[in-house]
**Student:** 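One structure, as structure tokens, below. Some questions next.
It should be emphasised that the depicted structure is a prediction, and the values quoted were computed from it without experimental measurement. Reckoned from all heavy atoms, side chains included, excluding hydrogens, waters and symmetry mates.
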Amino acid sequence: DTRFQAAEMIPKLKHPSKTELPELSWTAVTFWLSLAQIAPRAGVNKLWQGNSSALSNTLNADMKLPHTVTTAMLFCLFACCSPSDAQLLRTVTNPALSSVEGIVRQGIDQGVYPGAVVVAGSNGEVLWAKAYGRASWDEKAPAMGLDTIFDLASVSKVAGTTMAAMALLEDGKLSLDDRVSKHIPGFGAGKEDVTVRDLLTHVSGLKPYENSATVEKTRKEGESAADALIRHYCALPPAYPPRQQERYSCLNMQTMARVVENCAGERMEDLLKRRVYRPLGMTGTGYVLSARQKAKCAPTAKRKDGSLVQGVVHDPLANYHGSVEHCPGNAGLFSTGPDLARLCRMILARGTLDGVRVFTPGTIARMTADHSPAALKGRRALGWGIYTPGRFATPLNDEPGSYMLAHTGFTGTYLWMDQRTRSFVVLLTNYVLPGGAKSGKDAGLAPVRMGLVRAVMSLQPEYAEFLKSQPGRN
């Protein structure tokens, strides 16, 4: 955590004498305060990457401060200027989305989840950002906050693995038509022709899930759980002929994560932080959490002694895989509502946010296009699901570049984006936590997801006729 590193850095500085720290000019003071004021809005934290030395030298000359002091001051400033820092995690509401309040609170009242965080917007802007309820069913539990960290479960597939794959595709290190066996030797048993594209669109032939106990029985001495899983997947025969069916599979994304790491030569989390999360200021997002971050996590389970499980991966297969040596890919990512909103806004802005380009427009277009085999009825982007016209999408969203994309997570998480109107919904809950009347039941969460999507869609005049044609679903 950058803020803790900065805090540890300051006491190590020699206490300045009057000769070391001459009285600052009013010009210098004004400049420093102005920089501190504009930094969060201007995305100045990005300047820290590769420019801290030059900035420190400039301030050193202007303020006549020792280099160590200006470096430490800059370090603190940039650490505090991350867009997802607590000082910027303010509640945002808009009368046009007032229905969100009742939709989310109804889920709490009905016992679907103890609390939630919702961030939603349109035309690339945040119009609603608010936390609801408590972190657990205990009435003395801390309130949910916009900085609460959630176990994303399968939303990790798009917010993590898919983003990492896009970075490698953009860099020319990976191709959608690469055979998986090119990056994972031994991936065969009838799957020799399976490609990266097949993994990302869930048509690879791999079965949906695996019992970790089955893999543990055959794990070799000295072999990590992560390596044992990949070896097991390599030897599995196809559950169906590749590209002849679509079967959503956690095995696809665990395999994809290893393809990413082997291709990149580094852990997927390190790649993601360098290429995506840090440039976007997503400081609350990662696979391996600090003790401080774990304490801010929404709990997802109870131990036998009644204590709550926080910051521990809920998905059994991802938990068995682990995240320290290799990232699991199918689940295991933790994040906050504001962080995920920034990710959505970047995608909807064709790869750019606040002047920082993460991906080229071509990479975003490739990711969000329909890549499903022509013989299949469903539609799949890379990682993302594409809603066909129906409850969640209109006939206007039936063309490339205007799709509605989404992904759910078993713990109670959800991302939805409308490319046509640059609208998005981030819904984070811990509905799997036992204790509520409907906790862990998707039937209770589905109306909340639909209600939020409809609320955001209602902002667009072009969707009015569609919404009117479906009474009772708004």
Side-chain angles (χ1 to χ4, degrees), residues 43 46 49 124 155-180 182-183 195-203 252-253 255-282 285 327 329 333 335 339-372 379-387 397 399-407 415-424 426:
K46 176 64 177 174
Q49 301 175 15
V155 168
S156 306
K157 292 178 173 71
V158 289
T161 311
T162 300
M163 293 301 117
M166 292 304 105
L168 295 180
L169 286 168
E170 181 161 298
D171 293 346
K173 295 180 179 180
L174 185 68
S175 168
L176 290 176
D177 296 320
D178 281 352
R179 292 182 177 182
V180 175
K182 175 182 177 180
H183 303 285
T195 67
V196 167
R197 191 194 312 269
D198 295 335
L199 293 178
L200 289 169
T201 54
H202 297 284
V203 296
N252 282 330
M253 287 304 194
T255 304
M256 188 66 232
R258 185 58 65 94
V259 168
V260 164
E261 294 189 336
N262 287 352
C263 183
E266 61 182 324
R267 286 178 65 251
M268 189 167 72
E269 180 177 32
D270 298 332
L271 169 67
L272 283 164
K273 287 191 173 182
R274 176 170 54 82
R275 286 295 309 278
V276 182
Y277 300 157
R278 284 179 186 145
L280 287 177
M282 295 172 61
T285 303
C327 295
L333 186 63
S335 190
D339 274 13
L340 292 173
R342 293 186 67 79
L343 181 71
C344 291
R345 291 170 62 208
M346 178 274 292
I347 293 170
L348 293 170
R350 303 176 68 198
T352 301
L353 184 66
D354 295 341
V356 177
R357 178 162 293 286
V358 178
F359 294 120
T360 64
T363 297
I364 297 298
R366 181 189 290 189
M367 179 182 71
T368 57
D370 179 12
H371 289 268
S372 294
R379 286 180 177 175
R380 274 271 173 192
L382 299 179
W384 298 87
I386 299 175
Y387 283 134
N397 307 111
E399 297 294 333
S402 65
Y403 290 146
M404 288 185 175
L405 309 163
H407 210 290
L415 297 184
W416 171 87
M417 294 184 295
D418 174 12
Q419 290 183 286
R420 185 181 182 87
T421 63
R422 295 174 59 203
S423 301
F424 65 93
V426 176

**Student:** What residues, two or more places apart in sequence or in another chain, satisfy salt bridge (charged side-chain N to carboxylate O under 4.0 Å, His left out) together with E261?
**Tutor:** none

**Student:** Backbone N or O of A381 within a donor-acceptor pair of the D370 side chain at under 3.5 Å?
**Tutor:** no

**Student:** Which residues satisfy the salt bridge (charged side-chain N to carboxylate O under 4.0 Å, His left out) test with R366, sequence neighbours excluded?
**Tutor:**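 By the salt bridge (charged side-chain N to carboxylate O under 4.0 Å, His left out) rule, R366 matches no residue at all.
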
**Student:** Taking all non-hydrogen atoms of both residues, which atom of G160 and which atom of Y277 are closest, and how far apart?
**Tutor:** CA-OH, 3.5 Å

**Student:** In Å and rounded to the nearest 0.5 Å, what is the CE to CD distance from M404 to Q419?
**Tutor:** 10.5 Å

**Student:** Which heavy-atom pair separates G383 from T162 by the least distance, and what is that distance?
**Tutor:**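 Scanning both residues completely, I find the closest heavy atoms to be CA-OG1, 3.4 Å.
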
**Student:** Assess whether side-chain hydrogen bond (donor to acceptor under 3.5 Å, both in side chains) is satisfied between R357 and T352, documenting all intermediate values.
**Tutor:** CA-CA 4 Å; R357 178 162 293 286; T352 301; 2.9 Å; yes

**Student:** Run L333 and V155 through side-chain contact (heavy atoms from CB on, under 4.5 Å) and show every step you take.
**Tutor:** CA-CA 8 Å; L333 186 63; V155 168; over 6 Å; no

**Student:** What heavy-atom pair brings F359 and M163 nearest, and what distance separates the two atoms?
**Tutor:** CZ-O, 3.6 Å

**Student:** Could you list the residues that satisfy salt bridge (charged side-chain N to carboxylate O under 4.0 Å, His left out) with R197, not counting sequence neighbours?
**Tutor:**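 Salt bridge (charged side-chain N to carboxylate O under 4.0 Å, His left out) check on R197 returns D177.
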
**Student:** Below 4.5 Å, heavy atoms only, C-beta onward: do V426 and D339 meet side chain to side chain?
**Tutor:**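 In short, these two side chains do not touch, never coming nearer than 4.5 Å.
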
**Student:** CZ/R274 to CD/E266 distance, rounded to the nearest 0.5 angstrom?
**Tutor:** 4.5 Å

**Student:** What pair of heavy atoms forms the shortest contact from T161 to G329, and how long is it?
**Tutor:**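 Looking at all heavy atoms of both residues, the closest pair is OG1-O, 2.7 Å.
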
**Student:** Carefully, step by step, assess M166 and V276 under the rule side-chain contact (heavy atoms from CB on, under 4.5 Å).
**Tutor:** CA-CA 10 Å; M166 292 304 105; V276 182; over 6 Å; no

**Student:** Which value, rounded to the nearest 0.5 Å, describes the distance between T201 atom OG1 and H371 atom NE2?
**Tutor:** 8.5 Å

**Student:** Can you find a heavy atom in the side chain of S423 that is under 4.5 Å from one in the side chain of W416?
**Tutor:**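 Yes. Closest side-chain heavy atoms under 4.5 Å.
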
**Student:** Tell me, with the steps shown, if L343 and M346 meet side-chain contact (heavy atoms from CB on, under 4.5 Å).
**Tutor:** CA-CA 5 Å; L343 181 71; M346 178 274 292; 3.9 Å; yes

**Student:** H183 and side chain to side chain donor-acceptor pair (under 3.5 Å): which single residue from T255, D178, N262 fits?
**Tutor:** D178

**Student:** For residues Y403 and T368, report the shortest heavy-atom separation together with the two atoms involved.
**Tutor:**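 Here Y403 and T368 meet closest at CD1-O, 3.4 Å.
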
**Student:** Working to the nearest 0.5 angstrom, can you tell me the gap between D198 CG and N252 CG?
**Tutor:** 8.5 Å

**Student:** In sequence, state the C-alpha distance, the side-chain angles, and the governing distance for V196 and L169, and then conclude on side-chain contact (heavy atoms from CB on, under 4.5 Å).
**Tutor:** CA-CA 11 Å; V196 167; L169 286 168; 5.6 Å; no

**Student:** Could you report the tightest heavy-atom contact between S335 and L340, atom names first, then the distance?
**Tutor:**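 Reported closest heavy-atom pair: OG-CG, 3.6 Å.
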
**Student:** Please check: side-chain N/O of R342 versus main-chain N/O of L280, any donor-acceptor pairing under 3.5 Å?
**Tutor:**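 Between the backbone of L280 and the side chain of R342 there is a qualifying donor-acceptor contact (under 3.5 Å).
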
**Student:** So do the side chains of L353 and V358 get within less than 4.5 Å of each other, counting heavy atoms only?
**Tutor:** no

**Student:** In chain order, what residues pass the ring-ring contact (aromatic ring centres under 6.0 Å, His included) check against H407, with sequence neighbours excluded?
**Tutor:**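 For H407, the residues satisfying ring-ring contact (aromatic ring centres under 6.0 Å, His included) (neighbours in sequence not counted) are Y248.
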
**Student:** What's the spacing between L415 CG and W384 CH2 if we round to 0.5 Å?
**Tutor:** 5.0 Å

**Student:** Who passes side chain to side chain contact (heavy atoms under 4.5 Å, CB included) against K173, sequence neighbours left out?
**Tutor:** L168, D171, C263

**Student:** Between atom CZ of R380 and atom CG of L405, what is the distance when rounded to the nearest 0.5 Å?
**Tutor:** 10.5 Å

**Student:** May I ask you to decide if T360's main-chain N or O and E170's side chain share a donor-acceptor pair within less than 3.5 Å?
**Tutor:**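 Judged by distance alone, yes, a pair lies under 3.5 Å.
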
**Student:** Tell me, please, which residues at least two apart from R420 pass salt bridge (charged side-chain N to carboxylate O under 4.0 Å, His left out).
**Tutor:**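 If we apply the salt bridge (charged side-chain N to carboxylate O under 4.0 Å, His left out) test to R420, skipping adjacent residues, the hits are E462.
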
